[in-house]
*Asks:* 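Okay, here's the structure, questions in a sec.
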Amino acid sequence: MSDGEEIRYCQKCSYILLKFTLCVYAIGWWLIGGFILGIGIYAEAERQSYKTLDGVFLAPSIILILLGILMFVVSFIGVLASLRDNLTLLKVFMYSLAVCLLLELLGGILGLLFRNQTKELLNKTIQKNIQNYYDDLDFKNILDFVQKRFKCCGSKDFTDWSENMYHSCDAPGPLACGVPYTCCISTKPNEVANTMCGYKALEKERLELINTIHIRGCTDAFFIFLMDNYKIMAGLLLGILLPQFFGVVVSWLYITRIEDTISEYGNQTDALLSQERQLREHGRVTKWFRCLPDFD
């Protein structure tokens, strides 16, 4: 191939565009991962000061820390790989994104195929933690939000609260045979909550409670919400999966560009090269990216 017909992939706009895109992509997720990690560490420090949670893996702070570490490490690999044109790190970055993407898709598919088992597992998890509702501040805040947001009570239904030692009908005190006020029906917006509105609710029949508390369980309410808002859920799912797919595609395209350059020019340096070989002159942009060989 003549000099005029040489294909210098790294001097084309596609190479620069791919490198810039991948750098911005990796740095962006690196910063987001660091931000999530910082929030998780702060939340965990606050949680430890109160010692509210027994089941450590249910703590939102732990989930944020694990997610932040994963995003921070994988994105940092992508930053180094894109800056140095390191094929090994680029492939690690690409395969890491691909594995995360496949696991998320697989989890979603299995959740749909085995939705009854998923619902049962969720019911058991909520019912188990209802027993420690007042001792677990993190779970309490989450369940209170869910019960108010989805207008529900308990896991399967409001009778799940009989498993809590304070709400059991055998317990002493005003909470006995009742349910938390977050189960109660609000008739007015911004209404001041009556904390005893669920008093003795467990002693009554379902029809007697229709106008007092929400009798539907939160698991069913959550799945009904997903079905009613499937378009929003589909958009949210695409918002999570598409950036990862974009990262995989850009990484793959960038790897092919570098491999094309290597096959065209060979390695950049070789310790066995003769000292008499002449250095190749490159343009300013090419020097920045260090993608062409140093010798003729």
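Everything numeric in this text was worked out from a predicted model, so none of it was measured. Along the sequence shown, residues carry numbers from 1. Atoms considered below: every heavy atom in the structure, side chains included; atoms not considered: hydrogens, waters and symmetry mates.
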*Asks:* Restricting to pairs with a member in residues 86-106, which pass salt bridge (charged side-chain N to carboxylate O under 4.0 Å, His left out), not counting sequence neighbours?
*Replies:* K91-E259

*Asks:* Heavy-atom count check: over 12 atoms from other residues, nucleotides or ligands less than 6.0 Å from N211 CG?
*Replies:* no

*Asks:* Going by the rule side chain to side chain donor-acceptor pair (under 3.5 Å), which residues pair with S251 if we only count those two or more places apart in sequence or in a different chain?
*Replies:* none

*Asks:* List in chain and number order the residues that pass disulfide (SG to SG under 2.5 Å) with C169, two or more places apart in sequence or in another chain; answer none if no residue qualifies.
*Replies:* C177

*Asks:* Enumerate the salt bridge (charged side-chain N to carboxylate O under 4.0 Å, His left out) contacts for residues 140-153, please, sequence neighbours excluded, ordered by first and then second residue.
*Replies:* K140-D144

*Asks:* H214: which residues meet the side chain to side chain donor-acceptor pair (under 3.5 Å) condition with it, sequence neighbours left out?
*Replies:* none

*Asks:* Just by distance, do the side chain of Q244 and the backbone of L241 share a donor-acceptor pair under 3.5 Å?
*Replies:* no

*Asks:* What is the distance from atom CZ of F245 to atom CG of L105, rounded to the nearest 0.5 Å?
*Replies:* 10.5 Å

*Asks:* What's in the same ILVMFWY side-chain cluster as L242, cut-off under 4.5 Å, chained through other members?
*Replies:* L238

*Asks:* List in chain and number order the residues that pass salt bridge (charged side-chain N to carboxylate O under 4.0 Å, His left out) with K128, two or more places apart in sequence or in another chain; answer none if no residue qualifies.
*Replies:* none

*Asks:* With sequence neighbours excluded, give me every salt bridge (charged side-chain N to carboxylate O under 4.0 Å, His left out) pair touching residues 157-168.
*Replies:* D157-R206

*Asks:* Listed by chain and number, what are the side chain to side chain donor-acceptor pair (under 3.5 Å) partners of S82, not counting sequence neighbours?
*Replies:* none

*Asks:* Can you list every pair that meets disulfide (SG to SG under 2.5 Å) and has a residue in residues 101-158, with sequence neighbours left out?
*Replies:* C152-C218, C153-C183

*Asks:* Test: side chain to side chain donor-acceptor pair (under 3.5 Å). Region: residues 69-79. Which pairs qualify, not counting sequence neighbours?
*Replies:* none

*Asks:* Would you say the side-chain atoms of N86 pair up with the backbone N or O of L89, donor to acceptor, closer than 3.5 Å?
*Replies:* yes

*Asks:* More than 12 foreign heavy atoms under 6.0 Å from CZ of F222: is that the case here?
*Replies:* no

*Asks:* Taking atom OH of Y134 as the centre, does the number of heavy atoms from other residues, nucleotides or ligands within less than 6.0 Å exceed 12?
*Replies:* yes

*Asks:* Between the side chain of Y133 and the main-chain N/O of L143, is any donor-acceptor distance below 3.5 Å?
*Replies:* no

*Asks:* Return each pair, listed once, that meets ring pair (Phe, Tyr, Trp, His ring centres under 6.0 Å) where at least one residue sits in residues 60-111; pairs must be two or more places apart or across chains.
*Replies:* W30-F72, W30-F76

*Asks:* For the residue pair K119 and F223, would you count it as a cation-pi contact if the rule is NZ or CZ under 6.0 angstrom from the ring centre and within 45 degrees of the ring axis?
*Replies:* yes

*Asks:* Would you please test F158 and H167 for ring-ring contact (aromatic ring centres under 6.0 Å, His included) and show each step?
*Replies:* CA-CA 11 Å; F158 70 99; H167 290 286; over 10 Å; no

